[in-house]
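Here the structure is a predicted model, which is why all the values come from computation and not from measurement. Per chain, numbering begins at 1; letters A, B, ... match sequence-line order.
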Amino acid sequence: MNVLEVSGVHKQFGGLVALDDVNFQVRKGSVTAVIGPNGAGKTTFFNLITGVYQPDRGDIRLEGKPLVGLRPDQVAMLGIARTFQNIRLFADLPVLDNVLVAMHGRLSARIPGILLGRRQIRQEERRAIGEAYWLLEYMGLAPYANEIAKNLPYGTQRRLEIARALATHPKLLLLDEPAAGMSPRETRELTEMIHRLREDFGLTVVLIEHDMKLVMNISEHILVLDYGRAIAEGPPEEIRNNPRVIEAYLGRGAVSGA
Amino acid sequence: MIAQTLQSLPQVLVDGVTLGAVYATVAIGYTMVYGILELINFAHGEIFMSGAFIGTAILLVLNGAGWLAHLPKLLVLLLTLLVAMALTGLLGMGIERVAYRPLRHAPRLIPLISAIGVSFVLQDVVRFIAEWRTGNYIVTGVTLYGSEVNFGSITVKSNALFVLGAAVVMMAGLDLFVRKTKWGTAMRAVAQDKDTAALMSINVNRVIALTFFMGSALGGATGVLFAQQYGTIDPYIGFILGLKAFTAAVLGGIGNIRGAMFGGFVLGILEMFASAELGPLTGGVLGAEYKDVFAFIILIAVLLFKPEGLFGQAVKEKV
Amino acid sequence: MKDRMPRLRARLRQPRTQAMLLAAYTALSAAGLAFGGLSILWFLLLLVSLLLLYYSDLPRMVKWVWAGVVVAVLLPVCASNGSSYESFMEVATQMGIFVAMALGLNVVVGFAGLLDLGFIAFFALGAYTYAIFFSDQANHFIAGHHFPLSGDLFWLCLPVGLFVAALFGVLLGLPVLRVKGDYLAIVTLGFGEIIRIIFNNLDKPVNITNGAIGISSVQAPRFFGISLSFPHQFYYLVLVLLAIVLYAVQRLEHSRVGRAWKAVREDEIAAQAMGVPLVRTKLVAFAVGASFSGLMGVVFAAKQAFIDPTSFTMLESITILVMVILGGMGSLPGVVVGACLVTLLNIQLMPELTNWLNTLTTAGVINFPSALSPSKMQRLIFGIILILFAVFRPQGMIPAKTRRYDDAVLSRLAAEWRETAGGARRDGAHPAVPGYTSGHAAGQEGAKEGASL
């Protein structure tokens, strides 16, 4: 069964075709990687799925529900959470609040209730704080709960971004270069963590990544983009030996990785 | 009633173009700074106002010394313009250095706040000097070309021709400068991408300072012309005029110099039309006093329906 | 000496010691206010005691009660000893009005990060709402000579003013909040001016606002048959309203709504990606901020019994902004202090300084040009404050504090949550984590109407 179905998606910025008729399916519970040289349209692809951009044509569906035309917050509420290539935390807020914000859509407190201090809302808030802290514990971030997000070390910020994404209760988690700037050890830990997340939260994961070792290790399925086109798709072994992929990378003297 | 409107139309057009020239040159200052720093330079309206006061002061002093009658008018006007341009240009550079440069990496709200601060300081300093020297902060200057010329039913102050002429010359000059010279190219490069421009060994700070100098000098010169055209000035003219010039800049697509010029003229004509015809058209319900409201409605409409302006390109924030 | 310091410090950290010191200080400044000269100084010192109280480690309830006693009993009683009781109360009332407005602007600027430069417009809306219907002005456009309404209805007009201002906040926000952030500043600046122009000209074709002349003979509010007309009566009125505003703001700050505001301030794109609807969140901030302003506008009109458009200029908008920036954006104690200081500066310090300089000039001691008189220098002073704080101290005098949670409490709440979060997934794939079901009921509902606040 497919969680995400992207069909015939096309996006153009002025004269530049960022994505050209891309078709793509993500199987439920899988880990899928989107790879490609810089400027291939990977992040644009994520932005289209999450509603930051709207496609010029084509269809995107999450478990059969159409996403095109929805705002990013609506897409998030349907069950897609993401992290960002260049970390976008709420820099001046405490770590715990970063996670609490992501529960926004699941909480019901409104102004009158908040002002009247209704029991039900106080209860809800307690539970939200409990869950947020539990998520921090799960991600090994509990000691930082009261820190200001921007003061965390880089790798920890990346983990917080994932914790925050989890707090929206996603079905599909999009990770945009999660290993960027990480040491080999941190990357190994990340691999384990992604597996664990999938098991524990029943998630489907799609990630953009340049670290080929990580990609080949972790993903069951790979989509290769080049100049906005899907030039190959399949399991890692197949991608590794695909001549078009090798050309796309090596032809320009870029990363060989695999 | 339509016949009446049609009859007054040529006069409205002439007045509108004159006012539009003022908006256009001030709008250029907003658009240049926004193009390069993505900052609304709130103080720009006050630079315009300072220009008006500097020009008026020079002329009043010359007049008081009795020299004005003996010098050729054109020379006096040119000199006044040049001095006012130099001073307001330096003023703009100084403002950038003190109130904006330290804040280039601060959250976006912060430079806006210091910009408002600068604009308040300028208003009060000018008020103080004017009031101190003349006893009143509302100042009536010396008009060099006060005569009126009649073309059929249209009356034109001969001064308006100078306003138009000077505005066109300055705008054409600026346009050439930005497009053809090395510094102009550097300016466009910095507007595109400061970091890359810096890597290409462009001195970004100097380019920004130059941008402020030129934008402010244009604004200051326009102030001088404005004082000539409309006679009486006060320290608060920069506020509403700045708001309208900004509207013109947005109308033409902020960051786009030619767009700002176009927007200025469009707004000037629309406003003159509104102030002349709003009364008759609405049967006296709304009068000329709503002309400022009118400009503001244009601003909101543009932001709503075409936020990139008539000539700007839609820019999406990079995610 | 050296080993004494830590012990002293430990002592000072004890709430009981703090309470005693604070009580002594408060008593001293109150006595000064009651019996000393230079009353404004003692008045300030007494207010400082509230700030110290805020920083003390006393329990929250104690702080509230203590502060209540100081402002509701101590301050008026001590001030009543002097000759200028009512003028004192007048100053304090004005302070209260401005504090409430600054708190409102703080929601917009400090919490949600939206620069509103026309904030006074909402104050004007509240003021005119009251003035028009509680004077005979409304008879000009509503037939039947029903007006002025009775001062007993003042209490009804408070929520009406609040609502009218909030409504206009939304109406202005709807088009404007969709566009980029910095345009907002200039559009609100224009809006403030436009509202003033409209009030200034709405004496024709139908006379609604009486134009530049303004509306006079506005009814005084009545409270159980007592007509409120003395400053000290308004002082208590403002005090009650201010307490409500303060309570509301700090409740909202640490709620789902306040977090959403701050998230939007920090990063719009990330906030949206986490399910926070952008426009709606901003609109709510706008409306809440505006509503406080509208509420105080009603009080202002009732207190002055006369209003005209000159009370609602851009200078007033910027004055409130200065209060927020000076005190500290997003910081409630900061904003309160900022508002008090700027109000004092405006209505007490600068006029007195002007008088003093004038006296000296008339006496021939100095020759001080009237152009430079301090009461005319507001713009200069505010401008300098704005520049200096923007460049050197953008967080303001008293920076916003983040709420800290006790780790033990957090662990307990987390354990509680884990216990109660039951429910494995129905579709077979059982995730190990409770609570994370695939049902997503709340989420789907939220998406349909766009998760709402």
Side-chain angles (χ1 to χ4, degrees), chain A residues 28-29 50-52 70-79 81-82 84 88-94 96-97 100-111 114-115 117 121 125-131 133-134 137-138 142 145-146 148 164-169 171 199-203, chain C residues 247-248 251-252 254-260 262-263 265-267 269-278 281 284 288 400 402-405 407 409-418 420-421 425 427 429-433 435-438 440 442-448 450-453:
Chain A
K28 194 172 176 71
T50 52
V52 176
L70 296 185
R71 297 188 309 263
D73 53 289
Q74 294 171 316
V75 173
M77 285 300 92
L78 282 175
R82 72 178 290 183
F84 295 89
R88 300 189 87 126
L89 289 170
F90 306 122
D92 279 316
L93 300 189
L96 192 76
D97 281 12
L100 280 170
V101 167
M103 297 181 182
H104 185 87
R106 290 192 289 119
L107 304 181
S108 64
R110 283 155 194 255
I111 288 180
I114 295 167
L115 295 185
I121 282 163
E125 183 76 7
R126 282 168 67 89
R127 281 179 59 79
I129 294 172
E131 183 181 347
Y133 191 70
W134 178 84
E137 284 176 339
Y138 179 91
N146 283 317
I148 300 299
R164 186 179 67 175
L166 289 173
T168 64
H169 284 200
K171 295 168 181 151
E199 295 304 314
D200 290 355
F201 295 89
L203 280 176
Chain C
Y247 168 83
R251 260 293 161 89
L252 288 174
H254 299 291
S255 74
R256 169 178 178 265
V257 177
R259 283 194 298 266
K262 290 182 185 173
R265 175 191 73 195
E266 295 291 312
D267 190 327
I269 286 170
Q272 248 187 324
M274 295 303 129
V276 177
L278 212 55
T281 304
V284 170
V288 169
T402 55
R403 186 164 58 163
R404 289 189 75 83
Y405 295 90
D407 285 342
V409 173
L410 286 175
S411 306
R412 208 189 64 231
L413 288 177
E416 247 171 53
W417 173 77
R418 222 175 120 75
T420 51
R425 293 154 51 124
D427 56 357
H430 288 273
V433 180
Y436 285 72
T437 64
S438 66
H440 243 288
Q444 275 158 23
E445 194 187 301
K448 240 178 274 153
S452 46
L453 280 163

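One distance of note links CG of L100(A) with NE2 of H254(C); it measures 12.0 Å at 0.5 Å rounding. Rounded to the nearest 0.5 angstrom, Y247(C) OH and L115(A) CG are separated by 7.0 Å. Going from atom CD of E131(A) over to atom CD of E416(C) covers 13.5 Å, rounded to the nearest 0.5 Å. Annotation: the span from T281(C) atom OG1 to H104(A) atom NE2 amounts to 5.0 Å, rounded to 0.5 Å. Note that CE of M77(A) and CE of M274(C) are 9.5 Å apart. Values are rounded to the nearest 0.5 Å.
Looking at A91(A), the atoms closer than 4.5 Å to chain C (heavy atoms on both sides) sit in the backbone and in the side chain alike. For L96(A), the part lying under 4.5 angstrom from a heavy atom of chain C is the side chain only. Residue contact with chain A, scored on non-hydrogen atoms closer than 4.5 Å, is absent for A415(C). V409(C) does not touch chain A: none of its heavy atoms, backbone or side chain, sits under 4.5 Å away.
Across G275(C) and A76(A), no two heavy atoms sit closer than the pair N-CB, 3.7 Å. Smallest separation of non-hydrogen atoms from A270(C) and R88(A): CB-O, 3.3 Å. The shortest non-hydrogen separation linking F84(A) to I269(C) is CE2-CG2, 3.8 Å. Nearest heavy-atom pair across L93(A) and A263(C) is CD1-N, 4.2 Å. Minimum interatomic distance between L89(A) and D267(C) (heavy atoms only, all atoms of both residues): O-CB, 4.3 Å.
Within 6.0 Å of CZ on R404(C) lie no more than 12 heavy atoms contributed by other residues, nucleotides or ligands.
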Exercise. Run the numbers on N146(A) and D407(C) for side-chain contact (heavy atoms from CB on, under 4.5 Å), then give the verdict.
Key: CA-CA 9 Å; N146(A) 283 317; D407(C) 285 342; 4.0 Å; yes
Quiz item: Are K262(C) and D97(A) close enough, and set up right, to give a side-chain contact (heavy atoms from CB on, under 4.5 Å), and what steps lead you there?
Solution: CA-CA 10 Å; K262(C) 290 182 185 173; D97(A) 281 12; 5.7 Å; no
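Between the side chain of Y133(A) and the backbone N or O of R412(C), no donor-acceptor pair lies under 3.5 Å. A donor-acceptor contact shorter than 3.5 Å links the side chain of R256(C) to the backbone of L107(A). Without hydrogens or angle criteria, E266(C) side chain to D92(A) main chain gives a donor-acceptor distance under 3.5 Å.
Every residue was checked against the side-chain hydrogen bond (donor to acceptor under 3.5 Å, both in side chains) condition with R164(A), not counting sequence neighbours, and none meets it. A400(C) pairs by the side chain to side chain contact (heavy atoms under 4.5 Å, CB included) definition with S331(C), not counting sequence neighbours.
Inter-residue side-chain proximity for I111(A) and L252(C) is flagged as met; some heavy-atom pair is nearer than 4.5 Å.
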